[in-house]
Colleague: 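Got a structure for you, questions after.
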Amino acid sequence: MTGLNPEKQPLLALVDRETPLDPAGYDRKGGWRGLRRALGMSPAEIITEVTESKLRGRGGAGFSTGMKWSFVPKESSKERLKYIVANGDEMEPGTFKDRMLVEGNPLQLIEGMIISAYAIQARHGIIFLRGEYHLGLERLQQAVIQAREAGFLGENILGSGFDFDLHVHPSAGRYICGEETALITALEGRRANPRAKPPFPQIGGLWGAPTVVNNIETFSNIPHILANGTEWYLGLSACADGGTKLYGVSGRAKRPGVFELPLGTSLGVILNECAGGMQDGYKLRAFLPGGASTAFLGAEHADIIMDYPTPEKAGSRLGTGLAILLDDKTSPIGMIRNLEHFFAQESCGWCTPCRDGLPWVERLLIAIEEGRGTQEDIDRLHDAARLIGPMGRTFCAHAPGAIAPLASGLKMFAEDFQRMVSKPASGTAESGAAGQAA
Amino acid sequence: MSTAELTAQDAELPKDLVDTFIDMAAHEHHPRGAAIEALRLVQERFGWINDAHLAHTARILGMSQADLDGIATYFNLLFRKPVGKNVVMLCDSVSCYIMGAEQTRERLCRKLGVKMGETTPDGEFTVLPIVCLGHCDHAPAMLVGKDLFGPVRPEDIDGIIDDIRARKK
């Protein structure tokens, strides 16, 4: 990628999806500086610096990265088995940012993981990559070998006395593996059902050992924080939290894509300046700000600040930061049916409300979309949202995530739902996936 | 009972895979940590995971066959039935839906004369729905084997499929 300013767009500046840099080339372009500095610091100093940089997790939950690390027991890597794991299970519908980072600059991720491993004193690292990212897998495996040959992985890294190595685990599918306890369970060679917390992975994770799981984008920030310092990192952002963010849009935009911008950039800038606005003939009706499991926001929020708190105040979440656009020619009911099909299919089946409730939701939505629905079906959807949605009814956040677009959609598109159940069954031709069903 | 004794009397999996699995298991904290990777390698070699290969893999890893089958049937990228030479995975998630993936799916199924989940009679193609491929800026997205395509509009289907058929000859 050319034309990006490393001072303003550090994550993507060295991304090259044709030919990623090798360790020497990465070095010449300023790579490994963060690692060299980090290895001269104490682990506690690094954790403090990352905490003060106000880096929050980029996988969707937005937890403070430094604070997450601070919960890990403090023994040295030689005294206690610990793991550092990169979550590259990018399966949130509408999200395509980590693909760029692993295909275009795998060494940035690896450098971030080495620094993080040193900070929590982990000896072993694993990159969990979704199975469909074939090019990413090839690039990562090659980068790991190159980094090892160049002395950045293995024993006594850069003469520091710190030993660390990592391997890549290609996943065999299932969205739930992106949930950190499910991911750990998959790495143990089991069906990837999430686990109850506590214990949190930082205390009892992979094989019962302290484990930190961070998103690929989160790790990719670490080298830059260590190389350039907290002040610089905070200065990148347009809000109270630090850094840049990989934002993006998909749907009927002119130029859908991923863009690195200051954290706290408005959706207006992302959609209109970076993605060229909506396609001709399409108007923005609503959007999911950060993936399938975030609640709908209406077009009146089209200029919303995409930091962590603002979408929450508006009733949704920043999530992954890649917005999915609903235009005025796509049926909102069809879109919600599509989303709930995904969540019903991807439920791991462990908890009854999720396993049985979500397929029921999908069937109700199909009936309404096909013009066979009744007022009672809409009432049942509201019941499902009320009963399945709150955190704590199920082990993990899958069901609450599934209900976020449903509950918000039922309110926002109440008239659409109403129209679909009040018309005679013969009048389905102009409805359903309007603009979809050719 | 060592794994060496078990593997010597058993010729179901080729020796190089057996050796690989023993090595992988030895590098894990517990041998079962190699389970998913082992199943992936079986599939990469044979296209799918048959009962004999599953049973043999289970023995190498010290797991029961039922335990390992529970894993093989949990993960959607592991196939316990034969598939065609080319597995076509068409994204059915939300961004691709908005961009017209349902019409692309109809055209794909019509072109191959199969329904989603089926294999063409000549054994060349299996078509499957897949969750978001992380290629939403090129929606509708489709994966054929390891090759990623997008945007795949209905009118692009004939060319893609014909190219793959031609490549095989």
Side-chain angles (χ1 to χ4, degrees), chain A residues 81 90-99 124 130-135 167 169-175 177 186-193 206-207 209 248-252 255-258 288 292 322 324-327 330 334-335 338-339 341-342 345-346 348 405 433 435-438, chain B residues 24-25 27-41 43-44 61 63 67-79 89 91-103 106-107 129-139 141 143 145-148 150-151 154:
Chain A
L81 176 68
E90 181 165 73
M91 290 180 79
E92 181 73 19
T95 306
F96 45 104
K97 62 185 182 69
D98 297 339
R99 177 195 281 280
H124 299 288
R130 67 174 297 190
E132 296 90 339
Y133 279 8
H134 297 288
L135 181 62
H167 76 270
H169 173 94
S171 176
R174 299 306 295 271
Y175 170 70
C177 290
L187 287 176
E188 292 179 356
R190 298 178 190 279
R191 296 168 68 89
N193 299 330
L206 183 57
W207 306 116
V249 293
S250 62
R252 297 272 176 199
R255 294 190 301 274
V258 173
L288 303 172
L322 280 84
I324 304 164
L325 311 172
L326 169 66
D327 58 80
T330 296
M335 179 169 171
N338 176 283
L339 291 163
H341 167 75
F342 168 83
Q345 173 184 290
E346 295 302 316
C348 82
Q436 296 288 337
Chain B
M24 278 161 47
H27 281 86
E28 287 285 343
H29 186 80
H30 186 285
R32 71 176 303 137
I36 293 169
E37 183 68 19
L39 292 173
R40 276 180 59 101
L41 290 174
Q43 182 165 300
E44 205 167 282
L61 300 179
M63 298 168 70
D67 193 359
L68 191 63
D69 208 3
I71 293 164
T73 53
Y74 185 96
F75 293 95
N76 60 295
L77 298 180
L78 298 175
F79 305 138
M89 292 178 163
C91 176
D92 70 352
S93 290
V94 63
S95 302
C96 288
Y97 165 79
I98 291 170
M99 299 305 286
E102 295 192 342
Q103 289 94 297
E106 278 171 33
R107 185 66 161 266
I130 190 76
V131 297
C132 180
L133 286 168
H135 201 42
C136 321
D137 46 347
H138 296 83
L143 192 63
K146 293 185 177 180
D147 298 327
L148 186 61

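We use all heavy atoms of the structure for the numbers below, so side chains are in, but hydrogens, waters and symmetry mates are not. Here is how names work: the chains are called A, B, and so on, in the same order as the sequence lines, proteins then strands, and each is numbered from 1.
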Colleague: Would you indicate whether the side-chain heavy atoms of Asp147(B) and His134(A) approach each other to under 4.5 Å?
Modeller: no
Colleague: For Leu187(A), which atoms come within 4.5 Å of any heavy atom of chain B: side chain, backbone, both, or neither?
Modeller: backbone
Colleague: Please flag which part of Leu68(B) lies under 4.5 Å from any non-hydrogen atom of chain A: side chain, backbone, both or neither.
Modeller: neither
Colleague: Side chain, backbone, both or neither: which part of Glu188(A) has a non-hydrogen atom closer than 4.5 Å to chain B?
Modeller: backbone
Colleague: Chain B heavy atoms under 4.5 Å from Arg190(A): which part of the residue, side chain, backbone, both or neither?
Modeller: both
Colleague: Relative to chain B, which of Leu135(A), Leu288(A), Asn193(A) shows the most heavy atom pairs under 4.5 Å?
Modeller: Asn193(A)
Colleague: Find out whether Met89(B) and Leu77(B) are in side-chain contact, i.e. whether some heavy atom of one side chain is under 4.5 Å from a heavy atom of the other.
Modeller: yes
Colleague: Counting heavy-atom pairs under 4.5 Å with chain B, which one of Pro170(A), Gly94(A), Gly131(A) comes out on top?
Modeller: Pro170(A)
Colleague: Given heavy-atom pairs under 4.5 angstrom as the criterion, report whether the side chain, backbone, both or neither of Asp327(A) touches chain B.
Modeller: side chain
Colleague: Select one option (side chain, backbone, both, neither) describing which atoms of Arg255(A) are under 4.5 Å from chain B's heavy atoms.
Modeller: neither
Colleague: As a quick check of understanding, evaluate side chain to side chain contact (heavy atoms under 4.5 Å, CB included) for Arg130(A) and Val131(B), giving each step before the final call.
Modeller: CA-CA 11 Å; Arg130(A) 67 174 297 190; Val131(B) 297; 4.1 Å; yes
Colleague: Please classify the contact of Leu148(B) with chain A as side chain, backbone, both or neither, using a heavy-atom distance under 4.5 Å.
Modeller: side chain
Colleague: Please test Tyr175(A) against Gln345(A) for side-chain hydrogen bond (donor to acceptor under 3.5 Å, both in side chains), starting from the C-alpha separation and ending with a verdict.
Modeller: CA-CA 9 Å; Tyr175(A) 170 70; Gln345(A) 173 184 290; over 6 Å; no
Colleague: So for Cys348(A), is it side chain, backbone, both, or neither that comes closer than 4.5 Å to the heavy atoms of chain B?
Modeller: both
Colleague: Measure distances from His341(A) to the heavy atoms of chain B and classify the residue's part below 4.5 Å as side chain, backbone, both or neither.
Modeller: side chain
Colleague: Hey, mind stepping through Leu322(A) and Val258(A) against side chain to side chain contact (heavy atoms under 4.5 Å, CB included) and telling me if it holds?
Modeller: CA-CA 8 Å; Leu322(A) 280 84; Val258(A) 173; 4.0 Å; yes
Colleague: Flag the one option from Pro129(B), Ser95(B), Ala35(B) with the top tally of heavy-atom pairs under 4.5 Å to chain A.
Modeller: Ser95(B)
Colleague: Could you go through Phe342(A) and Leu339(A), starting from their C-alpha distance and side-chain angles, then the distance that decides it, and tell me whether this counts as side chain to side chain contact (heavy atoms under 4.5 Å, CB included)?
Modeller: CA-CA 5 Å; Phe342(A) 168 83; Leu339(A) 291 163; 5.7 Å; no
Colleague: Chain B heavy atoms under 4.5 Å from Ala192(A): which part of the residue, side chain, backbone, both or neither?
Modeller: both
Colleague: Where does Glu92(A) contact chain B at under 4.5 Å (heavy atoms): side chain, backbone, both or neither?
Modeller: backbone
Colleague: Is a donor from one side chain sitting under 3.5 angstrom from an acceptor on the other, for Glu90(A) and Tyr133(A)?
Modeller: yes
Colleague: Give the C-alpha distance, both sets of side-chain angles, the deciding distance and a yes or no for salt bridge (charged side-chain N to carboxylate O under 4.0 Å, His left out) between Arg32(B) and Asp67(B).
Modeller: CA-CA 10 Å; Arg32(B) 71 176 303 137; Asp67(B) 193 359; 3.0 Å; yes
Colleague: Quick one, Asp137(B) and Val249(A) - any side-chain contact, counting heavy atoms below 4.5 Å?
Modeller: no
Colleague: Where does Ile36(B) contact chain A at under 4.5 Å (heavy atoms): side chain, backbone, both or neither?
Modeller: side chain
Colleague: Heavy-atom pairs under 4.5 Å with chain A: which of Glu28(B), Lys146(B), His27(B) has the most?
Modeller: Lys146(B)
Colleague: Do you know the tightest heavy-atom contact between Leu78(B) and Ala72(B)?
Modeller: CB-O, 3.6 Å
Colleague: In terms of heavy-atom pairs under 4.5 Å with chain B, which of Ala172(A), Ala209(A), Ser171(A), Gly251(A) leads?
Modeller: Ala172(A)
Colleague: Heavy-atom distances under 4.5 Å only: say whether Leu81(A) touches chain B with side chain, backbone, both or neither.
Modeller: side chain
Colleague: What part of Leu143(B) gets closer than 4.5 Å to chain A, counting heavy atoms only: side chain, backbone, both or neither?
Modeller: side chain
Colleague: Yes or no on side chain to side chain contact (heavy atoms under 4.5 Å, CB included) for Phe96(A) and His135(B), after CA distance, side-chain angles and deciding distance?
Modeller: CA-CA 6 Å; Phe96(A) 45 104; His135(B) 201 42; over 6 Å; no
Colleague: Working to the nearest 0.5 angstrom, can you tell me the gap between Arg252(A) CZ and Thr330(A) OG1?
Modeller: 6.0 Å
